[in-house]
Amino acid sequence: SRRLRDTELVVPVVVGTCAWWVGKKANDSVTHRWTVYARGANGEDLSHIISKVTFELHHTFTNPHRVCLQAPYEVTEQGWGEFDINITLTFTPDAREKDVSIMHRLKLYESESTPNTTKKPVMSEVRPGGAEGGVEGGAGGGAGGGAMGWVYEELVFSEPVESFYRRVLAE
Ligand code: SLL
């Protein structure tokens, strides 16, 4: 199928983490439970454009290479430390696009650099084949501790494959 000149398909996505302190059950290896996720910016599950999401956890986790073949694209774990998670989006084969990787740091603790407000809502974009930074937000988890952080990105498919484009618009 041919590619459509002068056409762009823009899909807003959010990747993020949220973490909760486990409270009195905390021990040396488990202080928090947390979830890392990728989803559509409006809550849609993205399975119309994504075939796989891979989350690369810190090597101290058992089986750190976690693969989600269907929505919800998320991993829930427990641990003690903060680290960078590489999140790779693989698109449906009919898109004929390369994977996109987004790095996101798991935050367990509210910090001065993650204020209780969302930063300025300017959008950024990721083009399949090359990622750039997006808009970040964060918040503290309130009583007991915990933290959230997320980044809003736009996946931009420029000159999309026609059959992919038509299928996505029809869904
Ligand atoms: C740090 N550089 O030192 C970071 C690494 C790694 C966190 C944090 C493993 C949990 C488990 C876990 O939480 N690793 O043992 O299953 O802060």
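Order of appearance sets the numbers: ligands from 1, and atoms from 1 within every ligand.
With ligand atoms numbered from 1 in the order given, ligand 1 contributes 10 (C), 13 (O) to contacts under 4.0 Å with heavy atoms of Gly79.
In this structure, atom 5 (C) of ligand 1 lies nearest to the protein heavy atom His58 NE2, 3.5 Å. Atom 15 (O) of ligand 1 has its closest protein heavy atom at Thr60 O, 3.7 Å. Distance from atom 8 (C) of ligand 1 to its nearest protein heavy atom, with residue and atom name: Glu82 O, 3.5 Å.
With ring centers used as reference points, Phe61 lies 6.0 Å or more from Phe55.
Counting only N and O atoms by type, the side chains of Arg167 and Thr92 include a donor and acceptor under 3.5 Å apart.
The closest heavy-atom contact to atom 1 (C) of ligand 1, among the options Phe83, Trp34, Trp80, Phe61, comes from Trp80.
Remark: side-chain polar atoms of Glu82 are paired, donor with acceptor, to backbone N or O of Leu108 under 3.5 angstrom.
In terms of N/O distances under 3.5 Å, ligand 1 is not approached by Gln78.
One distance of note links CH2 of Trp34 with OG1 of Thr76; it measures 8.0 Å at 0.5 Å rounding.
Phe83 is listed as a side-chain neighbour of Leu57, based on a closest heavy-atom distance under 4.5 Å.
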